[in-house]
Asks: 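One structure is given below, represented as structure tokens, and several questions about it will come after.
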Amino acid sequence: MHYAMSRLSVLDVRWAGLFDVASSPTFHKRHYNPYYELIVVAEGTVHLLVEDSRLTLSVGDSILLKPWEQHGGWGDAGASGAFFWVQFSCEPGLEEFALHRAPELTIVQAERTELRTVDVRHEEPVIVPRRDRVRNRYELLAHFQELVETMREPAGYFRFKASLLLARMLHLIADDFLRRSRLDLSLPASYLTFRRLVDLLNNGYETKLTRERLEQALDRKYDYLCQVFKKYAGVSIHQYTQQLRIQRAKHLLRHTSWSVKEIAQDTGYDDPFYFSRIFKRLEGVSPQQYRDK
């Protein structure tokens with residue numbers, strides 16, 4: 001079983017600790033808690049009963065439990081072993097993920113989030129196995145040890161630090177699964193070119209970005225760059241450059257007393273009347289009307 005967690009999930013660590021099986025008489029009792037719980041074996045072998053499943057876990061093995069999922073120990077009451085545990089909330093919650101949906105993991109559909117002028121959220125899923133053993137188990141255990149110490153001796157932004165450590169552990173587990181699954185998640189060369197082009201436009205829109213300059217900067221023909229940009233952005237390079245300039249102009253109209261002429265020059269328009277026409281075409285009102293409004 002695997003879980004899908006949104007990249008934008010809010011993680012909040014509630015409690016964490018190191019549980020010594022041999023020294024705790026409560027291990028074989030049934031336990032429930034209202035949060036997600038990640039368990040990673042730190043020493044020896046741990047026999048864990050999860051609902052009706054009997055699991056035998058070794059050092060580095062992890063198990064991710066859902067809220068209110070029954071769990072406890074089974075087998076010899078004198079057994080030894082120890083495991084780290086952390087209880088945490090996650091919003092939005094984790095969803096079960098079927099591996100046949102693996103092709104959906106591509107992030108190329110996030111292309112419009114690259115654009116500064118588009119308010120789009122893309123929450124590509126992070127896949128976390130319910131039960132796993134990462135290859136770099138000592139790194140995982142080191143993060144867990146630091147998390148437990150952070151919660152035992154709280155100081156400063158300890159909750160923030162704890163959430164970062166938990167996210168790092170979940171990323172380690174998810175990334176290890178991704179590498180072992182051998183899924184082809186490589187991005188096409190055209191998408192990488194698109195990202196470079198967007199970065200160039202975002203940082204130079206107020207200057208004269210001629211076709212020659214774009215070709216020289218990206219080592220691609222201008223016609224190809226236009227095709228790639230239109231494919232992923234849905235608008236032309238020229239249209240996006242205008243959107244960036246008007247976005248900047250709207251900020252200046254709201255937060256400065258600059259004249260329309262000064263704003264036009266700052267955003268790359270030599271002719272303030274042409275700037276006003278473009279502004280009205282995109283925003284539906286003139287620059288002065290926008291400021292007054």
Side-chain angles (χ1 to χ4, degrees), residues 1-5 9 11 13-90 93-102 125-148 151 162 165-183:
M1 181 185 298
H2 299 75
Y3 295 114
M5 180 181 73
S9 290
L11 299 172
V13 174
R14 302 307 178 99
W15 298 96
L18 177 63
F19 194 97
D20 188 341
V21 173
S23 63
S24 177
T26 65
F27 177 59
H28 288 79
K29 294 182 179 180
R30 294 182 178 181
H31 300 270
Y32 309 86
N33 71 75
Y35 307 113
Y36 293 99
E37 183 169 354
L38 176 64
I39 292 174
V40 178
V41 177
E43 296 178 9
T45 300
V46 173
H47 300 286
L48 195 66
L49 179 66
V50 179
E51 296 294 345
D52 297 324
S53 299
R54 294 189 173 191
L55 308 178
T56 299
L57 306 175
S58 302
V59 175
D61 285 350
S62 64
I63 179 75
L64 180 57
L65 306 179
K66 296 181 295 184
W68 299 114
E69 194 164 16
Q70 173 188 316
H71 57 285
W74 67 274
D76 184 4
S80 62
F83 59 85
F84 290 114
W85 60 270
V86 56
Q87 296 175 8
F88 64 96
S89 61
C90 179
L94 307 181
E95 297 181 357
E96 291 188 14
F97 181 85
L99 286 184
H100 66 78
R101 292 176 52 200
V126 177
I127 308 305
V128 182
R130 172 178 170 83
R131 182 179 176 182
D132 197 43
R133 175 185 289 183
V134 299
R135 287 172 294 185
N136 196 348
R137 58 183 179 179
Y138 295 110
E139 182 179 355
L140 178 62
L141 292 171
H143 290 328
F144 226 137
Q145 178 67 44
E146 187 176 359
L147 172 61
V148 170
M151 297 301 289
L165 287 168
L166 173 62
R168 197 175 301 168
M169 291 190 298
L170 291 174
H171 173 257
L172 188 64
I173 295 172
D175 188 63
D176 188 76
F177 158 72
L178 206 59
R179 295 177 187 276
R180 286 185 283 110
S181 65
R182 297 182 180 179
L183 297 173

Asks: Hey, what do you get for NE2 (H47) to CH2 (W74), rounding to the nearest 0.5 Å?
Replies: 5.5 Å

Asks: For L147 versus A16, what's the shortest heavy-atom pair and its separation?
Replies: CG-CB, 4.3 Å

Asks: So if I apply the side chain to side chain contact (heavy atoms under 4.5 Å, CB included) rule between L55 and each of L49, V46, I63, which one comes out positive?
Replies: I63

Asks: When rounded to the nearest 0.5 angstrom, what distance separates CG in L140 from CZ in R135?
Replies: 13.5 Å

Asks: Could you measure the distance from the CG atom of L11 to the CG atom of L170? Nearest 0.5 Å is fine.
Replies: 6.0 Å

Asks: List the atom of L165, the atom of E146, and the distance in Å for their closest heavy-atom pair.
Replies: CD2-OE1, 3.7 Å

Asks: Taking all atoms of both residues into account, what is the closest heavy-atom pair of P34 and P67, and its distance?
Replies: O-CB, 3.4 Å

Asks: Could you measure the distance from the CD atom of E139 to the CG atom of L172? Nearest 0.5 Å is fine.
Replies: 5.0 Å

Asks: Side chain to side chain contact (heavy atoms under 4.5 Å, CB included) for D176 and N136? Distances and angles first, verdict last.
Replies: CA-CA 8 Å; D176 188 76; N136 196 348; over 6 Å; no

Asks: Could you measure the distance from the CZ atom of R131 to the CG atom of L65? Nearest 0.5 Å is fine.
Replies: 11.5 Å

Asks: Would you sort out whether M1 and E96 count as a side chain to side chain contact (heavy atoms under 4.5 Å, CB included), showing the intermediate values?
Replies: CA-CA 7 Å; M1 181 185 298; E96 291 188 14; 3.9 Å; yes

Asks: Between R130 and L64 (side chain of the first, backbone of the second, donor and acceptor by atom type, cut-off under 3.5 Å), is there such a pair?
Replies: yes

Asks: Work out which heavy atom in S62 is nearest to a heavy atom in V40; give both atom names and the distance.
Replies: CB-CG2, 3.7 Å

Asks: Looking only at heavy atoms, what is the nearest atom pair of D132 and V134, with distance?
Replies: OD2-CG1, 3.7 Å

Asks: Check the pair V128 / L94 against side chain to side chain contact (heavy atoms under 4.5 Å, CB included), numbers first and verdict last.
Replies: CA-CA 9 Å; V128 182; L94 307 181; 5.9 Å; no

Asks: Can you run down the side-chain hydrogen bond (donor to acceptor under 3.5 Å, both in side chains) pairs that involve residues 33-43, sequence neighbours left out, and say none if there aren't any?
Replies: R14-Y35, N33-E37, E37-H71

Asks: Any idea which heavy atoms bring A174 and I127 closest together, and the distance?
Replies: CB-O, 3.2 Å

Asks: What is the distance from atom CD of Q145 to atom OH of Y138, rounded to the nearest 0.5 Å?
Replies: 14.5 Å

Asks: In the structure I gave you, are the side-chain heavy atoms of D61 and F83 within less than 4.5 Å of one another anywhere?
Replies: no

Asks: Quick one: sort the F19 and H31 rings into parallel, tilted or perpendicular, breaks at 30° and 60°.
Replies: perpendicular

Asks: Any non-hydrogen side-chain atom of V59 less than 4.5 Å from a side-chain atom of L141?
Replies: yes

Asks: Should the pair F84 and F144 be assigned to parallel (<30°), tilted (30 to 60°) or perpendicular (>60°) ring geometry?
Replies: parallel

Asks: Is there a side-chain contact between E69 and E51 (heavy atoms, below 4.5 Å)?
Replies: yes

Asks: Please check this pair: side chain of R30 against backbone of Q70, looking for a donor-acceptor N/O pair closer than 3.5 Å.
Replies: no

Asks: Decide yes or no on side chain to side chain contact (heavy atoms under 4.5 Å, CB included) for V86 and L166, but give the supporting numbers first.
Replies: CA-CA 8 Å; V86 56; L166 173 62; 4.1 Å; yes

